[in-house]
Amino acid sequence: QVQLVESGGGLVQAGGSLRLSCAASGLTFSSYAMVWFRQAPGKERESVAAISRTGSSTTYADSMKGRVTISRDNAKNTVYLQMNSLKPSDTAVYYCAASTRHWVVALTSRPDYWGQGTQVTVSS
């Protein structure tokens, strides 16, 4: 059974930082591109960042480009999202996802597995 478990969310003031983690189990982690998505209240889910299977390549959506860094540790079956200079508009549930697609298209493709999400709230 595939499980993706996010952690690290919480309440932070505008301008602050958070580091999200996503621990994967039940799959061959290094065979999947990993993607972070987010869904703000009343809005559609949108992609944030994707990383290749080896971690050597990354791509970012315009929404948070320049303020986030995605990384992974295949030895720990974990993917991370470092978020800086957070804004109230970044308030959302953040999800990690695993995709069998090439990382180049993983950002805009439906992934194979989803995590349950972690809430990030940015106060002004």
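Note that the numbering runs from 1 along the sequence shown for the chain.
No side-chain donor-acceptor contact under 3.5 Å links Thr28 to the backbone of Ser31. Listed for the Ser47 side chain is a donor-acceptor partner under 3.5 Å among the backbone atoms of Leu107.
Not counting sequence neighbours, the partners of Thr54 by the side chain to side chain donor-acceptor pair (under 3.5 Å) test are Ser56. When the side chain to side chain contact (heavy atoms under 4.5 Å, CB included) test is applied to Ser7, the partners found at least two apart in sequence or on another chain are Ser21. The salt bridge (Lys or Arg N to Asp or Glu O under 4.0 Å) check on Arg72 picks up nothing, with sequence neighbours excluded. Annotation: salt bridge (Lys or Arg N to Asp or Glu O under 4.0 Å) contacts of Lys65 (sequence neighbours excluded): Asp62. Scored by the side chain to side chain contact (heavy atoms under 4.5 Å, CB included) test, Ser71 finds Tyr80 as partners (sequence neighbours excluded). Not counting sequence neighbours, Arg45 has no partner by the salt bridge (Lys or Arg N to Asp or Glu O under 4.0 Å) test. In this view, Gln116 satisfies the side chain to side chain donor-acceptor pair (under 3.5 Å) rule with no residue, not counting sequence neighbours.
Sorted by first and then second residue, the side chain to side chain donor-acceptor pair (under 3.5 Å) pairs with a member in residues 97-112 read Thr100-Asp112; sequence neighbours excluded. Listed by first and then second residue, the disulfide (SG to SG under 2.5 Å) pairs that reach into residues 32-99 are Cys22-Cys96, sequence neighbours excluded. Among residues at least two apart or in separate chains, side chain to side chain donor-acceptor pair (under 3.5 Å) pairs with a member in residues 81-92 are Ser17-Asn84, Arg38-Asp90, Arg67-Asp90, Gln82-Asn84.
By the 4.5 Å heavy-atom criterion applied to side chains, Tyr95 and Gln39 are counted as neighbours.
Chaining together hydrophobic side chains whose heavy atoms lie under 4.5 Å apart places Val79 alongside Val2, Leu4, Val12, Leu18, Leu20, Leu27, Phe29, Tyr32, Met34, Trp36, Val48, Ile51, Tyr60, Met64, Val68, Ile70, Leu81, Met83, Leu86, Tyr94, Tyr113, Val120, Val122. Membership of an apolar cluster is not assigned to Val5, as no side-chain contact below 4.5 Å to another ILVMFWY residue is traced.
What you find for Pro88 and Ala14 is that their closest heavy atoms are CD-CB, 4.1 Å. In this structure, Ala98 and Pro111 approach most closely via the heavy-atom pair O-CB, 3.4 Å.
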